[in-house]
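Working notes, structure below.
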Amino acid sequence: MRKSILGFTLLAVVMLLASCSPKSEYANAIPKDAAMVMSFDFKAMADKSGINGKEGEKIVTKLTDALKSGLEGEAYKTAEKIIQNPSESGLSFTDKVYLFITPHSTAFALLAKVDSESKVRDLLSALKNEQICTELKSESGCTWTQMGDALCAFNNGTFLLMGSNKGDAPSLKGTLLALMRQDTENSFAKTNDFAKLSSAKGEIATVMNMSFIPNDLTMQMRMGMPADLKLEDIKYLLSATFEKGKVVIDMETLIENKDLIAMYEKQSEASAPIKGIYLEYFPANTLFWASGNINGKGIYDLMCQNPTIKQSLENPMLPVDIEKIFSSIQGDIAIGYTSLTDQDLLVYADVTNKDFLQSFEDLRPLLAMTGGQMQLNSTGKDQYEFRMYRQSIWFGVKDNMFYISNNEKLADEAGRHYGVSLQNTPWAGEVTKNRFFMVFNMVQLMQDIKENPQLARMMGGDMAMLNAILAPCEYIDAMAPDWKSAQMNFVMKDKDVNVLQLIVRGLENL
C-alpha cells in the first residue's frame, strides 16, 4: 500500500513539474459514451503555483526523502531522476490529462499523452521490480500491465490507467485494448461536448451527464421526468479556476432536449430572485446559511408530479394538511445553523397568512393518545412548542413570518435584527442576484474545532492537519441565478496570493 501511495504521489508532482510538448491524438482513447470527462491543465496550474521555482524545492526534497524509505534500487533511481527532470517519465503533463468515467460508473480511467514510449517502459519496469505492477506484456499494438486493482497500457502516443468499481482488473483487458486502438470517429474527442470541454476556461474542466449514476439509483430520479428521458440528456459543463484569493467553480447546463428544457423552465416558475430580508436576522458569525425565494403552492405541485411523493402527501390518514402549509409560503425562506458547538437551528419563511397553524391544532387529539410522549403546547399567541421524547422544537408566526427553531430563546426572539449581521459580510451583496444562495463560514468552523478538539477526531484528522487544510479559507459560497447556471467560490483570507501557491506552502509544512 505504501509503495502504491508513493507511486501516485510521484505522478501528481510530476504532473506539475513537467515541461511542454506537442499535441497528439491520445484523446481518441476516451469512449464516445463517457458519462464524465475531466481535463486537467497542469502546465497552467504549475505556472500559478510557483512549484517550478524556489517555492517548490522543499516539496521536491521532501518527496525525494520519502522515496528513500519507500523504494529501493533501480526504482528509486528512476523516481529520483523523474523528480529532477519530469520528461524522464516519458509522459507529457503539459498536454491536458484526462480522467473519465463510463456510464453507471462501471469503470474509470486516467489518460495522458506519451512523449517517449521507451521511458514509460523503463518507469513501469522499475515499478515492476518493486512489485507495484506485474510483468509487462505486448498485445494489440501496445504494452500493458496490472497495477493493483487497475490495468495500465501504453504505446507511442497514449498512456491509459483503468479500473472498475468491482476491483476486477482482468475483466477490463478487452475494453482497455479496444480503447487504445480507437480512432477519432468512434471517440468522445469527435463530439460537441469534447469541443466544449476543450474551450472551457479554468485549469480543471468537466463535462458530465447523469448516466454516471449507478443503475440502482436512477429509478427515483426518473419519476416526474419525461417518459422518454435519457439520463445522458441531462448534462453539465463545470470549470474550476484558481485565482488570487479564491477558487471559482462555474457550472452551466448543456441540455438540448426540448422536453427537459420546458420542464426546467416550468419548475423555475416556482422560484424568484431572493429579496434578502433575512440577512439581518442572523449574526455575522453564523456557521451555515442558505436562502431562496419560493412559491410554496408551486413547489407542492411539482412534488406531486412524482407519483410516490403525491401518494404520501395526499394520504387521507395524514393528520396534517401539507398542501395548506406549503400554499401559505410565498417569498423568501432562510435557514441558519449557528455553530457546531451550540448546534442551534433557525428557519424563517414568508407566509401569506397564519391559517395553516390550525393544522397543528388539529393534531392535539392524536397526540393525546401517546401518553405524554408527544405534546403540543401553546407558548403564546400563534406560538407553539412541539415536544417528543424530551426533545423540543418551537415554532410560530409573527408578522407574516413563519419561524422554527430547536432553541427556545431563538424562537422567543424571532424577528430580532442583529447589529452585526450577515448583511455586514463580504458576500451579502451577491444574495439578491440569485434564486438560491448558500454560504459556509470556515472561520467559525475552525473556531468550533479549536473549542471542541473531539470534532477534529470526528472529521477524521488531527488538529494540525485540519488547520493546514481549512485555516486559509474564509468562507465557501454557492449561488444560482437560474436553472441554467451556478457558481461556487472557495474564498481565502489572503486575497493577494493564488490559491495554488497557498496549497504549495501548505504541502511544505506537512
Quick one: do the [X] and [Y] side chains pair a donor with an acceptor below 3.5 Å?
X: Asn406; Y: Ser392; answer: no
X: Ser211; Y: Asn209; answer: yes
X: Glu252; Y: Ser485; answer: no
X: Asp362; Y: Gln358; answer: yes
X: Asp448; Y: Gln444; answer: yes

Salt-bridge test for [X] and [Y]: reply yes if a basic N is under 4.0 Å from a carboxylate O, no otherwise.
X: Lys244; Y: Asp494; result: no
X: Glu232; Y: Lys235; result: no
X: Lys48; Y: Glu243; result: no

What heavy-atom pair brings [X] and [Y] nearest, and what distance separates the two atoms?
X: Ser39; Y: Tyr98; value: CB-CE2, 3.6 Å
X: Leu197; Y: Thr206; value: CD1-N, 3.7 Å
X: Pro365; Y: Met369; value: O-CG, 3.5 Å
X: Thr102; Y: Thr106; value: OG1-OG1, 2.8 Å
X: Ser378; Y: Arg364; value: OG-NH2, 2.9 Å
X: Ala270; Y: Leu302; value: CB-CD1, 3.9 Å

Practice problem: Measure the acute angle between the ring planes of Phe188 and Phe194, then classify it against the limits of 30° and 60° as parallel, tilted or perpendicular. | Solution: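 It falls in the perpendicular class, over 60°.
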Can you find a heavy atom in the side chain of [X] that is under 4.5 Å from one in the side chain of [Y]?
X: Asn489; Y: Val248; value: yes
X: Leu254; Y: Glu256; value: no
X: Phe288; Y: Asn441; value: no
X: Met374; Y: Phe386; value: yes
X: Tyr337; Y: Thr286; value: no
X: Val499; Y: Ile503; value: yes
X: Met303; Y: Leu313; value: yes
X: Trp483; Y: Thr253; value: yes

First locate atom [atom1] of [X], then atom [atom2] of [Y], and finally report the distance between them rounded to the nearest 0.5 Å.
X: Gln375; Y: Met388; atom1: CD; atom2: CE; value: 12.0 Å
X: Asn295; Y: Ser327; atom1: CG; atom2: OG; value: 8.5 Å
X: Asp250; Y: Lys201; atom1: CG; atom2: NZ; value: 4.5 Å
X: Ile204; Y: Ile249; atom1: CD1; atom2: CD1; value: 8.0 Å
X: Asn165; Y: Ser105; atom1: CG; atom2: OG; value: 7.0 Å
X: Asp321; Y: Ser359; atom1: CG; atom2: OG; value: 5.0 Å

Self-check item: Lys258: partners by side chain to side chain donor-acceptor pair (under 3.5 Å), with sequence neighbours left out
Solution: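 Listed in chain order: nothing, the list is empty.
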Is there a donor-acceptor pair under 3.5 Å between the side chain of [X] and the backbone N or O of [Y]?
X: Ser421; Y: Ala284; value: no
X: Asn498; Y: Phe242; value: yes
X: Asn434; Y: Phe436; value: no
X: Asp168; Y: Ser164; value: no
X: His104; Y: Ile213; value: yes

Quiz item: Hey, mind stepping through Leu445 and Leu340 against side-chain contact (heavy atoms from CB on, under 4.5 Å) and telling me if it holds?
Solution: CA-CA 7 Å; Leu445 175 63; Leu340 293 177; 3.5 Å; yes
Self-check item: side chain to side chain donor-acceptor pair (under 3.5 Å) assessment of Ser268 paired with Asp482
Solution: CA-CA 7 Å; Ser268 69; Asp482 50 48; over 6 Å; no
Practice problem: Could you name each residue pair satisfying salt bridge (Lys or Arg N to Asp or Glu O under 4.0 Å) that touches residues 325-350, not counting sequence neighbours? | Solution: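 Every salt bridge (Lys or Arg N to Asp or Glu O under 4.0 Å) pair that includes a residue of residues 325-350, provided the two are not neighbours, is Lys275-Asp350.
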Practice problem: Kindly determine whether Lys324 and Asp355 satisfy side-chain contact (heavy atoms from CB on, under 4.5 Å), including the steps that lead there. | Solution: CA-CA 8 Å; Lys324 190 173 186 178; Asp355 297 345; 4.1 Å; yes
Quiz item: Between Glu385 and Phe395, does a side-chain contact (heavy atoms from CB on, under 4.5 Å) hold up when you go through it step by step?
Solution: CA-CA 7 Å; Glu385 175 198 16; Phe395 65 93; over 6 Å; no
Heavy atoms of other groups near [X] [atom1], more than 12 under 6.0 Å:
X: Asp399; atom1: CG; value: no
X: Lys495; atom1: NZ; value: yes
X: Lys493; atom1: NZ; value: yes
X: Asn315; atom1: CG; value: yes

Quiz item: Among Thr175, Leu110, Leu111, whose side-chain contact (heavy atoms from CB on, under 4.5 Å) with Met162 holds?
Solution: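 So the option named by the test is Thr175.
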Quiz prompt | Ile101: which of Met38, Met36, Met208 passes side-chain contact (heavy atoms from CB on, under 4.5 Å) | solution =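 The side-chain contact (heavy atoms from CB on, under 4.5 Å) with Ile101 is passed solely by Met36 among Met38, Met36, Met208.
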Would a line drawn from the ring center of [X] to the ring center of [Y] be shorter than 6.0 Å?
X: Phe402; Y: Phe356; value: yes
X: Phe40; Y: Phe42; value: yes
X: Tyr348; Y: Tyr403; value: no

Practice problem: Under the salt bridge (Lys or Arg N to Asp or Glu O under 4.0 Å) rule, what do Asp382 and Lys354 come out as? Steps first, then yes or no, please. | Solution: CA-CA 8 Å; Asp382 302 324; Lys354 59 183 179 181; 2.9 Å; yes
Exercise. Step by step, work out the side-chain contact (heavy atoms from CB on, under 4.5 Å) result for Glu265 and Lys484.
Key: CA-CA 9 Å; Glu265 290 286 0; Lys484 299 177 182 178; 3.8 Å; yes
Could you give the side-chain donor-acceptor pairs of residues 411-418 under 3.5 Å, partners two or more places apart or in another chain?
residue	atom	partner	partner atom	Å
Glu413	OE1	Arg416	NH1	3.3
Glu413	OE2	Lys409	NZ	2.8
His417	ND1	Glu280	OE1	2.9
His417	NE2	Tyr281	OH	3.3

